[in-house]
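One structure is given below, represented as structure tokens, and several questions about it will come after.
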Number of protein chains: 2
Amino acid sequence: MRVLKYAILGLLDKGQLSGYDITSKFKEEIGHFWSAKHSQIYPELKKLTEEGFVEYQIVIQGTKLEKKVYSITELGKKELHEWMNRYSPIPDTQKDEFMLKAYFVSSLSQEEAKQLFKDQLEKRGQAIAFLEERLQELEGKEEPVSFSSPDFGHYLVLSRALEREKGYISWLERMIAKIGG
Amino acid sequence: MRVLKYAILGLLDKGQLSGYDITSKFKEEIGHFWSAKHSQIYPELKKLTEEGFVEYQIVIQGTKLEKKVYSITELGKKELHEWMNRYSPIPDTQKDEFMLKAYFVSSLSQEEAKQLFKDQLEKRGQAIAFLEERLQELEGKEEPVSFSSPDFGHYLVLSRALEREKGYISWLERMIAKIGG
DNA sequence: TCCGACATGTAAGGTGTTACATGATTTC
DNA sequence: GAAATCATGTAACACCTTACATGTCGGA
């Protein structure tokens, strides 16, 4: 499938980036749904260059530091577009270690189970406020964010990430009540 | 982290299973949140045996077919319990190829974007009816399913899987309306 | 008698993480 | 001057999927 390949092509389609920049992007908004470490990104960029999907220029930062600034090629754009319109099957497993523990809940006492769920609720709750702020920033700029807005992709990932967390939390709260004790 | 190790220990804690049985379990309810292929399971069982967390008896099926039936050891139970009560950090990335495409939506025309989202909605919708049935089966048996019920873990994964899909679908519907066109 | 399910394994290759390794630039 | 950030790469290892490989059992 080589999803990382398309993630990089998609990022470069929005503008020129160095390997370091791409690493940073994966720590921001898109990081909620895809990410990679620099140790995976640099070899992938090398491969994409060899395949002709991207190209780079060396830019000098300061006096000595060499930086490779990558751009997507026409071939790369074609490849990206093909993937965007290709049907990608929905995986039947979305791995979630907490839910695996939840499935084995019978191996715990009622108190332990309640603690497990409460810990999860607390940790999940922390992310929400931050996401809510980002989304309001975006909606404050231009309401409503529409398809033609350059921020629409950003809006999509933020709103989805927020709702995913909200749904998880409301389920956790109901299950904690059900565990009782 | 070796999550597969704990997944296997958790399954064996509920009862004796062969490698084939474990493979089957990952195709059922827990498969929504964790799974592995038999090619990963058999070597892991060998390793867990060497480590003393599980043990097996050879059982003859029919006249010739040898089957290894695994059980969890006391050491394995201790190890499972330690993991169940250990804090596992929530990963900040939950990979989702569709959301990656959504982030790159600006590289598509309005028609292509709408098609992408509608295809996703259609595929996600197919799973729901099936999940709803399973859950109703469970709730029909004993309402409400409580902590002390042997089906509580099953209930947790089913209800979470169903709500996850419902949340995804309602978001998709709203975004399709927003794309317009 | 054939087919699908039961049953167990290994090999090769792709994907992803952690650690190793180095150096320049900017900010306090 | 020290620390954080910018910048690029490789090595080792863990995890996961696809394919290879073999054979039995039960039912239609």
Side-chain angles (χ1 to χ4, degrees), chain A residues 1-8 11 16-28 30-31 33-51 54 56-70 88-97 100, chain B residues 1-8 11 16-28 30-31 33-51 54 56-70 88-97 100:
Chain A
M1 284 184 313
R2 289 188 64 191
V3 181
L4 179 59
K5 164 182 163 179
Y6 299 103
I8 291 174
L11 289 171
Q16 298 192 337
L17 296 168
S18 66
Y20 187 87
D21 295 333
I22 291 169
T23 309
S24 305
K25 291 277 177 192
F26 283 135
K27 288 170 188 156
E28 295 160 22
I30 190 52
F33 300 104
W34 206 271
S35 69
K37 314 281 182 188
H38 77 274
S39 55
Q40 205 185 350
I41 293 165
Y42 289 117
E44 187 66 37
L45 282 167
K46 196 181 169 189
K47 200 172 178 188
L48 290 171
T49 307
E50 285 161 6
E51 291 168 327
V54 305
Y56 67 87
Q57 280 172 266
I58 290 174
V59 172
I60 307 291
Q61 201 78 348
T63 54
K64 280 185 208 165
L65 185 61
E66 287 192 354
K67 177 160 90 156
K68 287 182 184 171
V69 178
Y70 288 86
S88 305
I90 296 161
D92 20 60
T93 302
Q94 285 168 250
K95 290 191 172 180
D96 183 332
E97 192 173 348
L100 187 62
Chain B
M1 284 185 317
R2 291 189 62 192
V3 181
L4 179 59
K5 164 183 162 178
Y6 299 103
I8 292 175
L11 288 171
Q16 299 193 337
L17 296 168
S18 68
Y20 187 89
D21 294 333
I22 292 169
T23 309
S24 305
K25 291 277 176 190
F26 283 136
K27 288 172 189 156
E28 295 161 21
I30 191 52
F33 300 103
W34 206 272
S35 68
K37 313 282 181 186
H38 77 275
S39 55
Q40 206 185 348
I41 292 164
Y42 289 117
E44 188 65 36
L45 282 168
K46 197 182 168 187
K47 200 172 177 187
L48 289 171
T49 307
E50 285 160 8
E51 290 168 326
V54 306
Y56 66 86
Q57 282 174 264
I58 291 175
V59 171
I60 307 293
Q61 201 77 350
T63 53
K64 279 187 213 166
L65 186 61
E66 289 193 354
K67 180 160 89 155
K68 288 181 183 170
V69 178
Y70 288 86
S88 306
I90 296 160
D92 20 59
T93 302
Q94 285 169 250
K95 291 192 171 178
D96 183 333
E97 191 173 347
L100 187 62

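Side chains are part of it too, since the values below use all heavy atoms of this structure and drop only hydrogens, waters and symmetry mates. Order of the sequence lines fixes the chain letters, A, B, ..., with proteins taken first and strands second; residue numbering starts at 1 for each chain.
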Applying side-chain contact (heavy atoms from CB on, under 4.5 Å) to A:S39 and not counting sequence neighbours gives A:K37
For B:K68, give me all partners under salt bridge (Lys or Arg N to Asp or Glu O under 4.0 Å), at least two apart in sequence or on another chain.
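Once residues adjacent in sequence are excluded, B:K68 has no partner under the salt bridge (Lys or Arg N to Asp or Glu O under 4.0 Å) criterion.
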Under 4.0 Å between a side-chain N or O of A:T63 and OP1 or OP2 of C:dT25?
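Indeed, a polar side-chain atom of A:T63 lies that close.
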For B:K95, check side-chain contact (heavy atoms from CB on, under 4.5 Å) against everything at least two apart and list the hits.
A:W34, B:T93
Between D:dC15 atom P and B:L48 atom CG, what is the distance in whole Å?
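In whole Å, D:dC15 P lies 12 Å from B:L48 CG.
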Starting at OG of B:S18, measure out to CD1 of B:I58 and round the result to the nearest 0.5 Å.
12.5 Å
How many Å lie between CD1 on B:I41 and P on D:dT18, as a whole number?
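Atom-to-atom, B:I41 to D:dT18, this comes out as 14 Å.
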Write down the distance between NZ (B:K95) and P (D:dC15), rounded to a whole number of angstrom.
15 Å
Rounded to whole Å, please give me the gap between OH in B:Y6 and C1' in D:dC15.
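Roughly 15 Å, once rounded to whole Å.
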Tell me the interatomic distance from B:F26, atom CZ, to C:dC6, atom P, rounded to whole angstroms.
17 Å
Base, sugar-phosphate, or nothing for A:K5, non-hydrogen atoms under 4.0 angstrom?
nothing
May I ask you to say what B:K37 touches in the nucleic acid, namely base, sugar-phosphate or nothing, with a heavy-atom cut-off under 4.0 Å?
base
Earlier contact from the 5' end, DNA chain C, for A:W34 and A:I60
A:W34
Residues in salt bridge (Lys or Arg N to Asp or Glu O under 4.0 Å) contact with A:K5, at least two apart in sequence or another chain:
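Scan of A:K5 (salt bridge (Lys or Arg N to Asp or Glu O under 4.0 Å), adjacent residues dropped) gives A:E79.
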If a pair satisfies side chain to side chain donor-acceptor pair (under 3.5 Å) and one of its residues is in residues 41-50 of chain B, list it, with sequence neighbours excluded.
B:R2-B:E44
How would nucleotides 4-14 of chain D be written as a contact map, 5' to 3', with B for base contact, S for sugar-phosphate-only contact and - for no contact, using protein heavy atoms under 4.0 Å?
-SBBBBBB---
